Amino acid sequence: MDSLIGMAQNTVEKTAVTLLGLGAMGTALARTWLAAGHPLTVWNRTPARAEALAAEGARVAGSAAEAVAASGLVVVCLLDDASVGEVLVGADLAGKDLVNLITSTPAQARARAEWARERGARYVDGGIMAVPPMIGVPEAGGYVFYSGSRDLFERHRETLGVPAGTTYVGADPGFAALHDVALLSAMYGMFAGAAHAFALIRKEDIDPASLAPLLADWLVAMAPSVHQTADQLRSGDYTKGVVSNLAMQVAGTPTFLTTAEEQGVSPELLGPYFALMQRRLAEGGGEEDLTGVIDLLVR
Ligand SMILES: NC(=O)c1ccc[n+]([C@@H]2O[C@H](COP(=O)([O-])OP(=O)(O)OC[C@H]3O[C@@H](n4cnc5c(N)ncnc54)[C@H](OP(=O)(O)O)[C@@H]3O)[C@@H](O)[C@H]2O)c1
């Protein structure tokens, strides 16, 4: 009985996918769709990169236009927005469901959505929150932000979920890129803080490997503070639930700057953030959390 059900499931037809772009990311995506039994047509500017996939069952198209014609669902994983325009210039996109997974700015994504609409295609933009080894490995936690046509997303949710998790963030085609860049920007802030911390111990007899777990645990412990920030932003009350107010924190900054000086470390990463804290304090935000700094950043 079980094997009969299994056979029935195996014969359910999987959505055909066309994938343009077989770089590191495109190749990783391709393998997951092939492994899941989706008919896959691929195209890459440098044909040699398609050879291994052909051996694994992919159909290799002779041109981008031919690849686009092969499936209703067309996924693009080229280098950048300019390459998408170049590659799709001669393709007939009418009636296609176009999923653009390149990293772009929100404005580029919105313009590309309009460009697709003018050519008769439905459009969803994606922002990949993963590196290639995380693709097809659910426990690695990688996922893709999607925004744009909700109909397209719902229709292909299962197929799009094969390589990595899916998180739909709204009908505005720019929102996937915006969420992608927002998270990566926060990541760079974290990298900057960690760089400063390692610089502080660099000349001491402290093993970086002994600092690393302490640093990782501390960053994880501090991370949930973003929920309080969001709550304060929503309520407009930046003193709500404050534990360490801005006045207290600014009073502590000389300790950080003097320690950096003592250790022979440049304050160029910490300095700009401290300057913003100082400005908000001067404007009367002493009782607030650090949330007021966000308003200083928004021009
Ligand atoms: N790799 C990552 O960790 C990662 C993570 C998140 C998001 N992404 C995004 O995923 C996208 C693809 O990344 P990737 O890692 O696969 O990049 P990649 O390994 O550098 O591959 C780039 C792909 O774009 C093609 N390409 C570049 N310029 C082209 C042009 N003018 N015309 C036609 N094809 C062109 C390349 O073709 P050839 O083979 O002919 O050179 C190749 O297939 C990028 O937007 C990237 O930002 C990547």
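In this text the structure is predicted, and so the values were computed from the model without any measurement. We count ligands from 1, going down the list as the structure has it; atoms in each ligand are counted the same way.
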key: Salt-bridge present (Glu154, Arg150; N to O < 4.0 Å)   = yes
Atom 43 (O) of ligand 1 - nearest protein heavy atom and its distance = Asn44 OD1, 2.7 Å
inquiry  = Closer than 4.0 Å to some heavy atom of Val131 - which atoms of ligand 1 meet that?
reply    = 3 (O)
key: Numbering as shown, the atoms of ligand 1 that approach Cys77 to under 4.0 Å (heavy-atom distance)   = 10 (O), 11 (C), 12 (C)
task = Please confirm whether the backbone N or O of Ala176 pairs with a side-chain atom of Ser147, one donor and one acceptor, at under 3.5 Å?
result = yes
query = Nearest protein heavy atom to atom 8 (N) of ligand 1, by residue and atom, and its distance?
reply = Thr103 OG1, 3.8 Å
query = According to the interplanar angle, ranging from 0 to 90°, do the rings of Tyr188 and Phe191 count as parallel (below 30°), tilted (30 to 60°) or perpendicular (above 60°)?
reply = perpendicular
query = Tyr146 and Asp125: side-chain donor and acceptor closer than 3.5 Å?
reply = no
query = Nearest to atom 38 (P) of ligand 1, what protein heavy atom do you find, and at what distance?
reply = Thr46 OG1, 3.4 Å
query = Relative to the heavy atoms of Ile128, which atoms of ligand 1 are at a distance of less than 4.0 Å?
reply = 6 (C), 7 (C)
message = Whether the side chain of Tyr143 engages the backbone of Gly161 through a donor-acceptor N/O pair (distance < 3.5 Å, no angle test) should be reported.
response = no
ask   = Strictly by modelled atom types, are Asp295 and Tyr238 linked by a side-chain donor-acceptor pair under 3.5 Å?
value = yes
key: Exercise: do Gln232 and Asp237 side chains pair donor with acceptor under 3.5 Å   = no
query = Relative to the heavy atoms of Gly21, which atoms of ligand 1 are at a distance of less than 4.0 Å?
reply = 43 (O)
Element-labelled atoms of ligand 1 that are located less than 4.0 Å from some non-hydrogen atom of Val87 = 32 (N), 33 (C)
query = Do any nitrogen or oxygen atoms of Arg49 lie less than 3.5 angstrom from nitrogen or oxygen atoms of ligand 1?
reply = yes
ask   = Under the 3.5 angstrom rule, does the side chain of Thr167 hit a backbone N or O of Phe145 as a donor-acceptor pair?
value = no
request  = Provide the number and element of each atom of ligand 1 under 4.0 Å from a heavy atom of Pro132.
outcome  = 1 (N), 2 (C), 3 (O)
ask   = Should you measure from each heavy atom of Ser83, which atoms of ligand 1 turn up under 4.0 Å away?
value = 28 (N), 29 (C), 30 (C), 31 (N)
task = Answer side chain, backbone, both or neither: which part of Arg45 comes under 4.0 Å from ligand 1, heavy atoms only.
result = both
query = Got an N/O contact under 3.5 Å between Ala130 and ligand 1?
reply = no
With Leu20, the side chain to side chain contact (heavy atoms under 4.5 Å, CB included) member among Val75, Val68, Thr41 = Val68
ask   = Does an N or O anywhere in Ile102 fall below 3.5 Å from an N or O of ligand 1?
value = no
ask   = Should the proximity of Leu78 to ligand 1, defined as any heavy atom under 4.0 Å, be assigned to the side chain, the backbone, both, or neither?
value = both
query = For ligand 1, does Glu86 get within less than 4.0 Å through its side chain, its backbone, both, or neither, judged by non-hydrogen atoms?
reply = side chain
remark   = Ranked by distance from atom 24 (O) of ligand 1, the top protein heavy atom is Leu79 N, 3.2 Å
